[in-house]
Amino acid sequence: MSATNLEIARIFAQIADLLELKQESTFRVNAYRKGSRALESLAEDVQAVAARGELRKIGGIGASLAEKIEEYLRTGRIEYFDELSKTLPPGVSDLMTIPEVGPKTALLLYERLGITDIDGLERASRAGKVRELPRLGAKIEQNILQGIERRRQQTARQPLGIVLPQAQAVLEVLGAAAGVEALSLAGSIRRMRDTIADIDIVVATRAPDPVMEALVGLPQVARVLSRGATLSSVLLGVSGVQCDVRVVDPASFGAALQYFTGSKDHNVRLREMAVRRGLRINEYGVFRVADEVRVGGKTEEEVYGALDLPWIPPEIREAQGEIELAQRGELPTLVSLADVRGDLHMHTTWSDGDDTAETMARAAKARGYEYIAITDHSRSLRFAGGVGIDDLHAHARVVQDVGDRVGLRVLMGSEVDILPDGSLDYPDEVLRTLDLVIGSVHTRLRMSQEEMTRRVVTAMQNPHLDILGHPTGRLVGQRPPFDLDLDAVIDAARATGTVLEINAYPERLDLRDAHVRLARDRGALFEIGTDAHRRDHLRVMEYGIGTARRGWVEAPGVINTWPLQRLLDFLED
DNA sequence: GCCGTTTTCGGCCCGACTGTTTTCAGTCG
């Protein structure tokens, strides 16, 4: 997850593209792709892994890739890649990002027409030159032009919090169509990844027509990309997100859902296991190879069961060790929304929130919560209406009163700024009066890693600080995390008993999934808070839970699943 | 290039779609 991890991952992906263009063995190509993905999803800094001499313990990294990683860490280059790059102009592999253009076609375009980038491809297509190449025709040429056009308009992956509500709205309408026996989201949105490229929906029915009619008739559909009996694709409204709906026979629903939920790596592992058992898994079911007899597929449980595995929650289907744990019957019991007893991070009209403490408390009560904490901003965060010390006392009385009136425990808290020197924005005698203190960095984000780490760790050492809020400061798709030595922060969390926040606000989701996993593996405690600024924001808890689940977190590791008294005792210390 | 509860060598996930190809290669998910 560090910058270095991503740099090397990128190089490996580019090596894979180049090898593919050169028609190298697909297995070799895939080995680099797999290695690239392994580094991408590696939570720890690869440098640290290398220092321990454990590169080859990373799945997909063998002798050759480990050596190249070490070379990069040592010299900042990978000579093999440099040499490979010289054999083809850099833009040729970009051509493969256009639909219809794979390695064969990209190479053909380069060799026969001298095309070295996407602009060149567009010019040649408009000039009708592409259709003259062998195996290509007018239709493909047209599709290439459309693909280039779509790519220009298309936005990058969008935050889960933007896409999931749209997906749920589509799901609701399709579910009401005649003859639908079951349906579900699939793909990365079901796995609750923090960003989503497109929406996948699987529908079980014997009569596809009403479902497809319902889909293309949706008011939010901006364009119908394709409409078939088993697959239709549409673009949704302003966001421009593509939504693919697949219709399957109910007998295949589980197999299709499993298949289209992914991840790809997870599914590849399952199918490898199936082959070793003389089985074949596809989107229609599980089949015995010997006699083609179908042994399952109606439910996901049947698919996993055929491999003697328990059902694996979608959020952890990432080929990151979940299959091995499932084999041993040791899957974690992931925290769920139902475990949450309260929300410990929210704002009110006292700082930059839109609703009063009472409104928030009533909304929380309606969600079935037993307690909340009101955590308005501290004094120095003026642009967010930070609460001064004098106001804080009045604020505390209001909050106290609200709890009594609404009938749930309302903790008086604060989201206190961590100032650049690591001190907190209220003096200790003020902090002492609060039930709960979240410390967050909001200003001076561009410190060096050393400075930022010292700042945060210093704050964590203040005994009044209970929770480190949105620890890395990243904004999904907008702002990278600030430069922080997360290993040191996790160590400090354990040493000082500071809880790490999983901020559920969709633009944040911070800590993010891989960091949560890293912290969990080292025994850190978490709080999942919405950072709500309005009552309807309380529902974003769902995204925080998804992120926690992706990090393999169990309910006992999340303080806002604890009963009130246990939470109070903990905060007391 | 990776990997091992059938293997340290010989495998490596699976099927649909589509356009142009007259028998299927290439691309995609």
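Protein chains get the first letters and strands the later ones, always in sequence-line order, with residue 1 at the start of each.
Rounded to an integer number of Å, the gap from CG of A:Leu136 to P of B:dT20 is 8 Å. Note: CG (A:Asn282) to C1' (B:dC28) measures 17 Å, nearest angstrom. Taking atom CG on A:Leu231 and atom C1' on B:dG29, their separation rounds to 10 Å, with Å as the unit. Across the protein-nucleic acid pair, A:Arg28 atom CZ and B:dC12 atom C1' stand 15 Å apart, rounded to whole Å. Straight-line distance from the CD atom of A:Glu100 to the C1' atom of B:dT18: 8 Å, rounded to whole Å. A:Arg294 has its CZ atom 13 Å from the P atom of B:dG15, to the nearest Å. Rounded to whole Å, the distance from CG on A:Leu65 to C1' on B:dC3 is 13 Å. Rounded to whole Å, the distance from CD1 on A:Ile140 to C1' on B:dG26 is 8 Å.
Distance noted for atom C1' between B:dC2 and B:dT8: 12 Å (whole Å). Taking atom P on both B:dG26 and B:dT20, the two are 14 Å apart, rounded to the nearest angstrom. Rounded to whole Å, the P atom of B:dT7 lies 15 Å from the corresponding atom of B:dC12.
In terms of position along DNA chain B, the nucleotide closest to A:Ala66 lies nearer the 5' end than the nucleotide closest to the other residue of the pair A:Ile281 and A:Ala66. Of the residues near DNA chain B, A:Lys264 and A:Asp244, the one whose nearest nucleotide (by heavy atom distance) lies more toward the 5' end is A:Lys264.
Within 4.0 Å (heavy atoms only), A:Val29 reaches no atom of the nucleic acid at all. Among the heavy atoms of the strands lying under 4.0 Å from A:Ile98 are primed sugar atoms or P, OP1, OP2 only; no base atom is included. Nucleic acid contact for A:Arg56: none, since no nucleic acid atom lies under 4.0 Å from a heavy atom of the residue. Heavy atoms of A:Gly59 sit under 4.0 angstrom from primed sugar atoms or phosphate atoms, though from no base atom. Within the nucleic acid shown, A:Leu270 has no heavy atom closer than 4.0 Å to any nucleic acid atom. The residue A:Ala255 sits apart from the nucleic acid: no heavy atom pair falls under 4.0 Å. Among the heavy atoms of the strands, none lies under 4.0 Å from A:Pro134. Contact annotation for A:Ala274: no contact, since no heavy-atom pair falls under 4.0 Å across all strands.
Close to B:dT27, at under 4.0 Å from its OP1 or OP2, lies a side-chain N or O of A:Thr105. One finds a side-chain N or O of A:Arg280 lying less than 4.0 angstrom from the OP1 or OP2 phosphate oxygen of B:dG15.
The number of heavy atoms from other shown groups lying within 6.0 Å of CD (A:Glu67) does not exceed 12.
Of the candidates B:dT27, B:dC14, B:dG1, B:dG1 carries the atom nearest the A:Ser64 side chain, counting heavy atoms from C-beta on. Here the side chain of A:Tyr259 is nearest to one of B:dC2, B:dG29, B:dC28, namely B:dG29. Among the nucleotides B:dG1, B:dC28, B:dG15, the one closest to the side chain of A:Pro99 is B:dC28. In the set B:dC28, B:dC12, B:dT27, B:dC12 carries the atom at the smallest distance from any side-chain atom of A:Glu272.
Taking 3.5 Å as the limit, the base of B:dG15 and the side chain of A:Tyr284 contain no donor-acceptor pair of atoms between them.
Put simply, the side chain of A:Glu79 reaches to within 4.5 Å of the side chain of A:Glu71, judged on heavy atoms.
Salt bridge A:Asp17/A:Arg33: present, at least one basic N to carboxylate O contact under 4.0 Å. By the 4.0 Å N-to-carboxylate-O rule, A:Asp265 lies too far from A:Arg317 to be salt-bridged with it.
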Run the numbers on A:Arg328 and A:Glu330 for salt bridge (Lys or Arg N to Asp or Glu O under 4.0 Å), then give the verdict. CA-CA 5 Å; A:Arg328 299 202 299 269; A:Glu330 293 172 5; 3.2 Å; yes
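Of the N and O atoms on the side chains of A:Glu318 and A:His266, not one donor lies less than 3.5 Å from an acceptor on the other residue.
Under the Watson-Crick and G-U wobble criteria, each requiring two contacts below 3.5 Å, nucleotide B:dT8 is left unpaired.
Using cut-offs of 30° and 60° on the angle between ring planes, the pair A:Phe12 and A:Tyr32 is perpendicular.
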